[in-house]
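Computed from heavy atoms alone, side chains included, the values below leave out hydrogens, waters and symmetry copies.
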Amino acid sequence: MYFSRPKKGHEGVKGTVAEDYQGILVHDHESTIYKYGSDHQECMAHVQRYLKDSIANEPERTWNKQMHSLIQEMIHYRNSLDAGGECEESIVSRYEERYREVIEKAKEEYESVPASDYYRDGYNLYLRMDRQMRNHLLFLHDMGVPASNNAAERNLRNYKRKQKQAVTFRSDQNHDYLCKGMSMLVVMRQNEQNLFDRVSKILD
């Protein structure tokens, strides 16, 4: 579902399904969202992008490269399982062990050579991944949890591209109308309904 909000934070969540949602939320480390839902999975696609940024800006460090490879391996393992399959406990335990080893490597590297005042994103990422390890690896423990929120971002991408080219709104209300319309179309597609017939009936 799409929602238009002029502000982020709790004001942005107010009135959306996330406000009272009791399931697991997958998101890009939005600290506000941690106040909602029953549990949280960090979007690993975003984490991989942050790691690539760290690799480009801190090429002398090794932890970022090791973590990027490890995440790729974990996601590949999860994706290789048959429908209805479960991650093997022994394999997950080993992945967690390797994750902690890389985090320890990051700690050693930043203690040896502190993060630059000009680039602290890699250091901040290490701290997040250390502090919230469980929320980075929840997708290995619960097969109902995706490793990323890519599905939501893909749905939004077409609109974002068109918005940059030819879309303007005269009011927040008009933006809200568009979001409600787009949400209805997404639900119809998910229910495999004929869009033309369904929209025609609504308009009638």
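The aromatic rings of Y110 and Y126 sit parallel, their planes meeting at an angle under 30°, below the 60° perpendicular limit.
Linking ILVMFWY residues whenever their side-chain heavy atoms come closer than 4.5 Å, directly or via other members, leaves I55 and Y99 in distinct clusters. Residues I103 and Y123 fall within the same hydrophobic cluster, defined by Ile, Leu, Val, Met, Phe, Trp and Tyr side chains chained together at heavy-atom separations under 4.5 Å. Under a hydrophobic-cluster definition in which Ile, Leu, Val, Met, Phe, Trp and Tyr are linked whenever side-chain heavy atoms come within less than 4.5 Å, directly or via other members, M44 and I91 are assigned to the same cluster. Placement of Y77 and L51 within a single hydrophobic cluster is found when ILVMFWY residues are connected by side-chain heavy-atom separations under 4.5 Å, directly or transitively. Note on W63 and V113: separate hydrophobic clusters, where clusters join Ile, Leu, Val, Met, Phe, Trp and Tyr whose side-chain heavy atoms are under 4.5 Å apart, directly or indirectly.
Here the shortest heavy-atom pairing between H27 and N149 reads CA-ND2, 4.0 Å. The two residues M129 and V47 have their closest heavy-atom pair at CE-CG1, 3.8 Å. Shown here for Y119 and G122, the closest heavy-atom pair between the two residues is CE2-N, 3.4 Å. Taking both residues in full, the closest heavy atoms of K65 and E58 are given as NZ-O, 4.4 Å, listed atom of the first, atom of the second, then distance. Pairing each heavy atom of M74 with each of L140, the nearest pair is SD-CD1, 3.7 Å. Minimum interatomic distance between T16 and R5 (heavy atoms only, all atoms of both residues): CG2-NH2, 3.6 Å.
The backbone N or O of G9 sits nowhere less than 3.5 Å from a side-chain atom of K14 that would complete a donor-acceptor pair. In this structure a side-chain-to-backbone donor-acceptor pair under 3.5 Å is missing from Q41 to I24. Between the R78 side chain and the F139 main chain, a donor and an acceptor come within less than 3.5 Å of each other. Put simply, the side chain of Q22 gets close to the backbone of D20: a donor and an acceptor are under 3.5 Å apart. A distance-only check finds no donor-acceptor pair linking the side chain of D142 to the backbone of L138 [under 3.5 Å].
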query: Can you list the steps and then say if E104 with E101 is a side chain to side chain contact (heavy atoms under 4.5 Å, CB included)?
result: CA-CA 5 Å; E104 190 60 34; E101 289 170 358; 5.6 Å; no
task: Apply the test salt bridge (charged side-chain N to carboxylate O under 4.0 Å, His left out) to residues R128 and E42: give CA-CA distance (whole Å), side-chain angles for both, the deciding distance (0.1 Å), then the verdict.
output: CA-CA 10 Å; R128 286 201 306 272; E42 293 272 347; 5.3 Å; no
task: Could you please spell out the steps behind the side chain to side chain contact (heavy atoms under 4.5 Å, CB included) verdict for C87 and L81?
output: CA-CA 8 Å; C87 295; L81 298 174; 3.7 Å; yes
task: Starting from the C-alpha separation in whole Å, work towards a yes-or-no answer on side chain to side chain contact (heavy atoms under 4.5 Å, CB included) for H40 and Q132.
output: CA-CA 10 Å; H40 303 267; Q132 292 165 313; over 6 Å; no
task: Could you please spell out the steps behind the salt bridge (charged side-chain N to carboxylate O under 4.0 Å, His left out) verdict for D197 and K201?
output: CA-CA 6 Å; D197 290 345; K201 290 176 182 176; over 6 Å; no
task: Please step through salt bridge (charged side-chain N to carboxylate O under 4.0 Å, His left out) for the pair R94 and E97, ending with a clear verdict.
output: CA-CA 5 Å; R94 178 56 186 149; E97 186 180 325; 2.9 Å; yes
- prompt: Taking it one step at a time, do D130 and K107 satisfy side chain to side chain contact (heavy atoms under 4.5 Å, CB included)?
  reply: CA-CA 9 Å; D130 183 21; K107 180 181 178 182; over 6 Å; no
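Looking at heavy atoms from C-beta onward, N57 lies out of side-chain contact with D121 at the 4.5 angstrom threshold. With a 4.5 Å cut-off on side-chain heavy atoms, H29 and H46 do not count as touching. A 4.5 Å side-chain heavy-atom check between T32 and K8 finds every atom pair outside the cut-off. Counting heavy atoms from C-beta outward, K180 and M184 have side chains that stay 4.5 Å or more apart. Looking at heavy atoms from C-beta onward, L137 lies out of side-chain contact with V92 at the 4.5 angstrom threshold.
Note: M67 CE to R98 CZ = 10.5 Å, rounded to the nearest 0.5 Å. Summarising the geometry, atom NE2 belonging to H10 is positioned 9.0 Å from atom CD1 belonging to I33; distances are rounded to the nearest 0.5 Å. Going from atom CG of N64 over to atom OG of S69 covers 10.0 Å, rounded to the nearest 0.5 Å. Between the CG atom in N174 and the SG atom in C179 there is a gap of 11.0 Å [rounded to 0.5 Å]. Put simply, NZ on K35 and CD on E19 are 15.0 Å apart, with the number rounded to the nearest 0.5 Å. The distance from the CD1 atom of I71 to the OG atom of S148 is 12.0 Å, given to the nearest 0.5 Å.
Using modelled atom types, one finds a donor on one side chain and an acceptor on the other under 3.5 Å when comparing D28 with Y50. With no hydrogens or angles considered, no side-chain donor-acceptor pair links H175 and Y2 at under 3.5 Å. Side chain to side chain, E30 and Y36 fail the donor-acceptor criterion of an N or O pair below 3.5 Å.
By the neighbour-count criterion of 12 heavy atoms within 6.0 Å, atom CD of E89 is sparsely surrounded, having that number or fewer from other residues, nucleotides or ligands. The environment of D82 atom CG is sparse: at most 12 non-hydrogen atoms of other residues, nucleotides or ligands sit within 6.0 angstrom.
Taking the charged nitrogens against the carboxylate oxygens, D53 and R49 have no contact shorter than 4.0 Å, which rules out a salt bridge.
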